Amino acid sequence: MANPVPFRLFEEECFRLLRASLGELAEEAREVVERTLTRGLEVPPSKEMGELAFPCFELARAMGKRPKELADELALKIASMDRKYVGRVEPAGSGYVNFYANHFELARELFKAVVELGPDYGLVKVDRPLKIIVEHTSGNPVHPLTIGTARNAVIGDSLASLLRARGHVVETHFYVNDVGLQVMIAAYGYSKVRDRLGGGRGKPDHVVGLVYPMTNAIVEISELRKRIESAQDDEARRELMKELDEWVGIAYELRSRDPELFDHLLDRMKEDGDPRAAISKLNRDYEEGAREAVKAVRELCSAVIEGFRQTLSRMRIEFDEWDWESELTVWSGATEEAIERIRDLAPWALDTSQGALVLDVDAVASALGLKEKWGLANKEIPKLTLKRADGTTLYTTRDIAYALWKLRRADKVINVIGAEQSMAQLQLRVALALLGVKDVESRYLHYAYELVKLPGAKMSSRRGRYVALDDLLNEAVGRVKLEVEKRGWRLSEEEKEEIAEVVGVGAVRYALLNVTASKPITFDWEQVVNFERNSFPFINYTYVRALGILRKSDFEPTADVDTTKLVHEYERELVIQMAKYPKLFVEAADGLRPEVLTGFLNQISEVFNSYYEKVNVIREKDEEARRARLMLVYSLKIVMESCAKALNFKLAQRM
RNA sequence: GGGCCCGUAGCUCAGCCAGGAUAGAGCAACGGCCUUCGGAGCCGGAGGUCGGGGGUUCAAAUCCCCCCGGGCCCGCCA
């Protein structure tokens, strides 16, 4: 059996050597030794300084020695000790002991593991798998998926994929927000024009993305006109007129995008007399589950979701479950139930004096000792309105019911939600703790991400202003296509199409994933389709180069090669990086940091491209060296496939 | 006013949670390799008060405090 984490052999040997050498030297400072060792060894700043380093400063202090002196002694002692994976050991700097890996031995281990495990190499499984729900994307069904939800989708899908690769049982959920005024406006408008939507108007979600703002604009305008008529003074009238002007402008622009549709919608809404009242009625009816209302709203949602599915499947994203907010939180009575339990558990934290039902979240957090526990000591958490004066519920309240539903089905729940909802998510977690959920902080996660900003584009779905993910994908694929056309003379038209699709989609996924979620992304077309380093096309190209070598050499993977032929510095570096990869995977999966792996893919691609330039594999005369190199290239192929699998990237086989 | 996040090379970002050696990449600009396993490539030089100031430490981009700048949030919206 091969060791699934080759680098660990080296690491453990470093520890063994250190312990043995310190045992004699530092008997009196055993405690400090243990403390320093449990903190682990360090990775030196440059590869010329070895793979791992032991800083002697703290220990030297405890022993009354100079760090440099101690480092010299240790290095000397270790140099005479028996070892396998550790090569050179040298004192360095002002008090470090640097360990250099014996990469010939590491290569042997790496090759064994790669041959044995194939593309599962590196995907180290947890001892105790958890059932994990990852809820992500969950875009409102009133317009197509946008560039913002795209980041959510890519993060969520990659996390799910990463956790599956780690051995957890993962279920992905899409929360369909089919309750609330926004959706009712869209459903109302959609019901008025659905007889006119056949043919030529494009994807259903894009149609709704137009019908919704049109409906909204018409409602806004008619409401503003009413308010202007009954305005008290000239000042107020002027303000309203200004607002009206703006909406008329928006309506004009929306109409220009499909005059026939707009006019039809306007006519039908006029017949209705009071659209706002009709929408309010639809809202109440829907929450009560009235048949006509359900039919109208579900028709809209189904149409939009069908559009979502098409976009998402292009991105290789699928969901295990589609959770309807209406069903899980309203019709089931779960929200009412949760509110009743809160009433029983914390009547002292509730306030009804203004008509609505308001929860003093801060008081609850204090009473449960959460402020201390969650590090919120000096923070005041705002109050949360659970119910409107008219008795209807609010989004966060319904989310409590949904959270409980998810928690009943999984050990851990990860929710990918924009950072702007951090406060609401905190309020939600306090409410969950109140309702008796144990270990909320580790079981119910808000995976926050910052928004994607597009220079010059102001997003506002109510005004019909958004950048659709479909357009982003088309643009990326189109640009890749141009590049493929330029150099792919050996490829058929069909192959070119397919390559452009795979690489273009990968480019978008990579660009959205590569930046740490807590940082906002400023995004322009140039960057998505920057095909040089640190991009998916660059990585995929590297992979294709490796495949090219293997294809032309008829290589049968075997660990039975002479690794001592791998003497080039780039060969050493490739071996070490690939031997470390399993550790990196674990770090990425357990730390929920997919960007660690995109970074790794880019880095190893850089090294391989340098290697490719400097060393020829196929035409190597020394047969043993040639075989060792081929195995190295094969390992790279496997590692890249493993990494792609972990992140759910598809790699093109040719470019 | 309060809370959260961000501030590292001209630009886009790693590194910060678990403090260590000359702070790393890429893009752009500049100078080479004119293409041999497909150049979507490779090599090179240049570019930095790690937003500012204090503190803790043998050691601070990293931890603590204050300040400055930007984003988001503080609704009977979602």
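Reminder, nothing fancy here: chain letters follow the sequence lines and each chain counts from 1. Treat the numbers as computed from the prediction; the structure is a model and nothing was measured.
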Taking CD1 from I549(A) and C1' from G41(B), how many angstroms apart are they, rounded to a whole number? 13 Å

From the candidates G39(B), G38(B), C13(B), the one with an atom nearest any side-chain atom of V515(A) is C13(B)

Would you mind building the protein contact string for nucleotides 71-78 of chain B? One character per nucleotide, 5' to 3', B for base within reach (heavy atoms under 4.0 Å), S for sugar-phosphate only, - for untouched. -SSS-BSB

Sub-4.0 Å heavy-atom contacts from residues 597-609 of chain A onto RNA chain B, ordered by number: E606(A), N609(A)

For residues 586-628 of chain A, which residue pairs qualify under ring pair (Phe, Tyr, Trp, His ring centres under 6.0 Å), counting only residues two or more places apart or in two chains? Y581(A)-F600(A)

Write down the distance between CG (L491(A)) and P (G38(B)), rounded to a whole number of angstrom. 13 Å

F536(A) vs F649(A) aromatic rings, parallel, tilted or perpendicular, using cut-offs 30° and 60°? parallel

Can you tell me how far C1' in G26(B) sits from the matching atom in C42(B), rounded to whole Å? 15 Å

Using Watson-Crick or G-U wobble pairs with both distances under 3.5 Å, give me RNA chain B in dot-bracket, 5' to 3', with [ ] for crossers and | for pairs to another strand. (((((((..((((......[...))))..((((.......))))......(((((..]....))))))))))))....

Short N/O separations, protein against nucleotides 57-60 of chain B, under 3.5 angstrom:
from, atom 1, to, atom 2, distance (Å)
C58(B), OP1, R61(A), NH2, 2.5

Closest listed nucleotide, where the reference is the side chain of R533(A) and the choices are G38(B), A21(B), C42(B): C42(B)

In residues 612-621 of chain A, which ones come under 4.0 Å of RNA chain B, going by heavy atoms? Y612(A), E613(A), V615(A), N616(A), V617(A), I618(A), R619(A)

Calculate the interatomic distance between E595(A) atom CD and U12(B) atom C1'; express it in whole Å. 15 Å

Looking at the side chain of F538(A), which of U22(B), G38(B), G41(B) is the nearest nucleotide? G41(B)

Please report, rounded to the nearest Å, how far the P atom of G26(B) is from the CZ atom of F536(A). 20 Å

Given W322(A), which of Y175(A), F174(A), F308(A) fulfils the ring pair (Phe, Tyr, Trp, His ring centres under 6.0 Å) condition? F174(A)

Quick one: Q427(A) CD to G3(B) P, roughly how many Å, whole number? 16 Å

Distance in angstrom units between N534(A) CG and C13(B) P, rounded: 11 Å

